[in-house]
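These notes are about the structure you will find just below.
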Amino acid sequence: MLQKPRGTRDFLPDEMERRRLIERRMRDAGRRWGYREVCTPDFEHLELFTMKSGEGIIQEMYVFEDKGGRKMTLRPEVTAAVLRMYVNEGKVLPKPLRWCYFADCFRYERPQKGRYRQFWQFGVELIGADTASADAEVIMLADDTLRSSGATFDLHVGHLAPMKHLLSGLDPGDQRAIMAYLDKHDQKGLETALVEKNLTHLAEPLAALGECRTVSEVFEVAGDVPERARIEETFSLLDSQNIDYRPDFGIARGLDYYTGMVFEGFAKNLGAENQILGGGTYRLAHLFGGDDVASCGFAIGFDRVMVSIGEFELAHEPVVGVVCTPEGRARALEVARAFREAGIRAEADLMQRGMGAQLSRAAKSADFAVVLGKREVEAGTVTLKNLHSGEQQERSLEDAIAEVARHGAC
RNA sequence: GCCAGGGUGGGGUAGUCGGUUAUCCUAAGGGACUGUGGAUCCCUCGACCCGGGUUCGAAUCUCGGCCCUGGCCCCA
């Protein structure tokens, strides 16, 4: 038997309905904040992502050559594509741009819990607003989106400036290495590296930075930085709206294009792969030939959110099974159509079964049966049977539709 | 790329120091039953992940691969 490709999943209808419900809640959060949905191609020129993240990521992507000999790749993330789109056709739109997306991405990695080779991300990009209000809005939207999805999570918010200030005397390579250790909370690795590089005087302030729980402590540890006013304003905006977050100036996110504010979300009930959200301010457009526009965004790992939420029951919509005798078949199609026009899910028998068997089948998957036999056809009525209570009554089609709709409303 | 544990009908399982026709539950299809169902009974369908090796004989032992689960690395 043919297997599905490694790290991919099939979704049966029950799970698909659950996914669509959560997806809708995320999109709706975006909509409430004015973020309109965009869509970019599933595959892009390889160059788009190597320009953003370096050649090293090629081994972790689905890379292929197309029939014209072009180097292509399935997208491993969406931000680069959205910024490419901004450069291509968004530059003349009035700023700021508020965009969101829900898209599948592909990474050639070893699958484990919450990590698949095809996975889905919900994300937003706010392009062209370089203010504390912009930073705060994206964080508040991230919080609203995760909250709306039903996930329970911890939100960490930080800023790169204090850490970069502490490391300002170092050459870029050392800086990056130190930040990588900080990002991983690798204390031993950090200490070893600091000793090797003769930087032991940084050990204490760097450790203290990660422990700071208020913004004012941060500047006691790291000294004054030019971004101080912006940072204080962003955090006071979050506080004014009672956003539940933890200041975390140990977030390094090891990425060169992040310029300032950074934040991460962690599911409370997941294992090793518990980060469900990452975001921050960044500058990317200039890499793709555009202006050096300030941007801010986040991406949510949709599949991890689904794992975190776990099993849950969906609201049940009433289902009508249309049951008929051979002489009622044509009428049954009309009746089924009338239910569907009223927005009610109606399913007809396709197996040429007897009425007993049709009802038996309907009892497993439907809430109501509509019976159409010789009697109903001649009288122009339908028999509506409640499959839960067993009660049934012959009545007009309109009454039957109203009765089923009434149950859908409760 | 690395480590550990796994893989038996669609789902869940029994069997394993090699030995009859691979067990049971469930689901699915049909029938008993052509105008009132979920019960019951009967029938049917359907599996040892793939390949090599050892052997008279392999689901069982062995080697390699694939895939799954969790962890490491990485995480845009």
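Everything numeric here is computed off the predicted structure, so don't read it as measured data. Lettering follows sequence order; numbering is per chain, from 1.
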Between [N] ([atom2]) and [X] ([atom1]): distance, integer Å:
X: A:Leu46; N: B:rA76; atom1: CG; atom2: C1'; value: 13 Å
X: A:Tyr62; N: B:rC75; atom1: OH; atom2: P; value: 19 Å
X: A:Ile58; N: B:rC75; atom1: CD1; atom2: C1'; value: 17 Å
X: A:Arg304; N: B:rA76; atom1: CZ; atom2: C1'; value: 12 Å
X: A:Leu270; N: B:rG70; atom1: CG; atom2: P; value: 11 Å
X: A:Asn274; N: B:rG71; atom1: CG; atom2: P; value: 10 Å
X: A:Tyr181; N: B:rC73; atom1: OH; atom2: P; value: 12 Å
X: A:Arg115; N: B:rC72; atom1: CZ; atom2: C1'; value: 10 Å

Problem - Polar side chain donor-acceptor pair, A:Thr79 to A:Glu125, under 3.5 angstrom - result: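 Side chains of A:Thr79 and A:Glu125: pair found under 3.5 Å.
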Exercise for the section: Go through the side-chain N and O atoms of A:Thr131 and A:Asp135 and say whether any donor and acceptor fall under 3.5 Å apart. Expected result: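 No, A:Asp135 and A:Thr131 have no side-chain donor paired with an acceptor closer than 3.5 Å.
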With rounding to whole Å, what would you report as the distance between [N] and [M] at their [atom1] atoms?
N: B:rA58; M: B:rU20; atom1: P; result: 12 Å
N: B:rC49; M: B:rU40; atom1: C1'; result: 38 Å
N: B:rU26; M: B:rC67; atom1: P; result: 35 Å
N: B:rA28; M: B:rG10; atom1: C1'; result: 8 Å
N: B:rC48; M: B:rC43; atom1: C1'; result: 25 Å
N: B:rU23; M: B:rG6; atom1: P; result: 25 Å
N: B:rA47; M: B:rG15; atom1: C1'; result: 14 Å
N: B:rG29; M: B:rC72; atom1: C1'; result: 48 Å

Under the side-chain contact (heavy atoms from CB on, under 4.5 Å) rule, collect the residues that match up with [X], sequence neighbours excluded.
X: A:Arg337; answer: A:Glu341
X: A:Thr152; answer: A:Lys268
X: A:Gln59; answer: none
X: A:Asp248; answer: A:His156, A:Arg246, A:Ile251

Handout entry: A:Phe263 and A:Met261, any side-chain heavy atoms less than 4.5 Å apart
Key =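 With C-beta onward as the side chain, the pair touches.
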Could you give the side-chain donor-acceptor pairs of residues 289-299 of chain A under 3.5 Å, partners two or more places apart or in another chain?
| unit_1 | atom_1 | unit_2 | atom_2 | d |
| --- | --- | --- | --- | --- |
| A:Asp291 | OD1 | A:Tyr86 | OH | 3.3 |
| A:Asp291 | OD2 | A:Tyr86 | OH | 3.3 |
| A:Asp292 | OD1 | A:His286 | ND1 | 3.1 |

Handout entry: Strand-adjacent residues in residues 99-113 of chain A, judged by heavy atoms under 4.0 Å from RNA chain B
Key =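 Within this stretch, A:Arg107, A:Glu109, A:Arg110, A:Gln112, A:Lys113 sit under 4.0 Å of the strand.
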Problem - For RNA chain B, the residues among residues 275-291 of chain A that have a non-hydrogen atom under 4.0 Å from it - result: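 Nucleic-acid contacts, sorted: none.
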Practice task
Between protein and nucleotides 29-48 of chain B, map the contacts as a letter string: B base, S sugar-phosphate only, - none, heavy atoms under 4.0 Å, written 5' to 3'.
Solution key: SS----BBBB----------
Exercise for the section: Quick one: label A:Gln59 by what it contacts on the DNA or RNA (base, sugar-phosphate, nothing), any heavy atom closer than 4.0 Å. Expected result: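 The answer is nothing, as A:Gln59 stays clear of every strand by at least 4.0 Å.
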Practice task
Kindly state each residue pair satisfying side chain to side chain donor-acceptor pair (under 3.5 Å) with at least one member in residues 6-16 of chain A, sequence neighbours excluded.
Solution key: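 For residues 6-16 of chain A, and leaving out neighbouring residues, the side chain to side chain donor-acceptor pair (under 3.5 Å) pairs sorted by first residue read A:Arg9-A:Asp303.
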Exercise for the section: Please collect all side chain to side chain donor-acceptor pair (under 3.5 Å) contacts where either partner lies in residues 372-387 of chain A, sequence neighbours excluded, each pair once. Expected result: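 Listed by first then second residue: A:Glu376-A:Thr383, A:Thr381-A:Glu394, A:Lys385-A:Gln392.
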Is [N] paired to anything, Watson-Crick or G-U wobble with both distances less than 3.5 Å, and if yes, which nucleotide?
N: B:rA4; result: B:rU69
N: B:rG57; result: none
N: B:rC48; result: none
N: B:rU20; result: none

Exercise for the section: State the CD-CG distance between A:Glu204 and A:Leu206, to the nearest 0.5 angstrom. Expected result: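 Taking CD in A:Glu204 and CG in A:Leu206, the distance rounds to 10.5 Å.
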Tabulate below the donor-acceptor pairs under 3.5 Å that side-chain atoms of residues 108-122 of chain A make, not counting sequence neighbours, or state none.
| unit_1 | atom_1 | unit_2 | atom_2 | d |
| --- | --- | --- | --- | --- |
| A:Arg117 | NE | A:Glu109 | O | 2.8 |
| A:Arg117 | NH2 | A:Glu109 | O | 3.3 |
| A:Gln118 | NE2 | A:Asp104 | OD2 | 2.9 |

Practice task
Sequence neighbours left out, what passes side chain to side chain donor-acceptor pair (under 3.5 Å) with A:Glu17? Give chain and number order.
Solution key: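 Checked A:Glu17 against side chain to side chain donor-acceptor pair (under 3.5 Å); zero matches.
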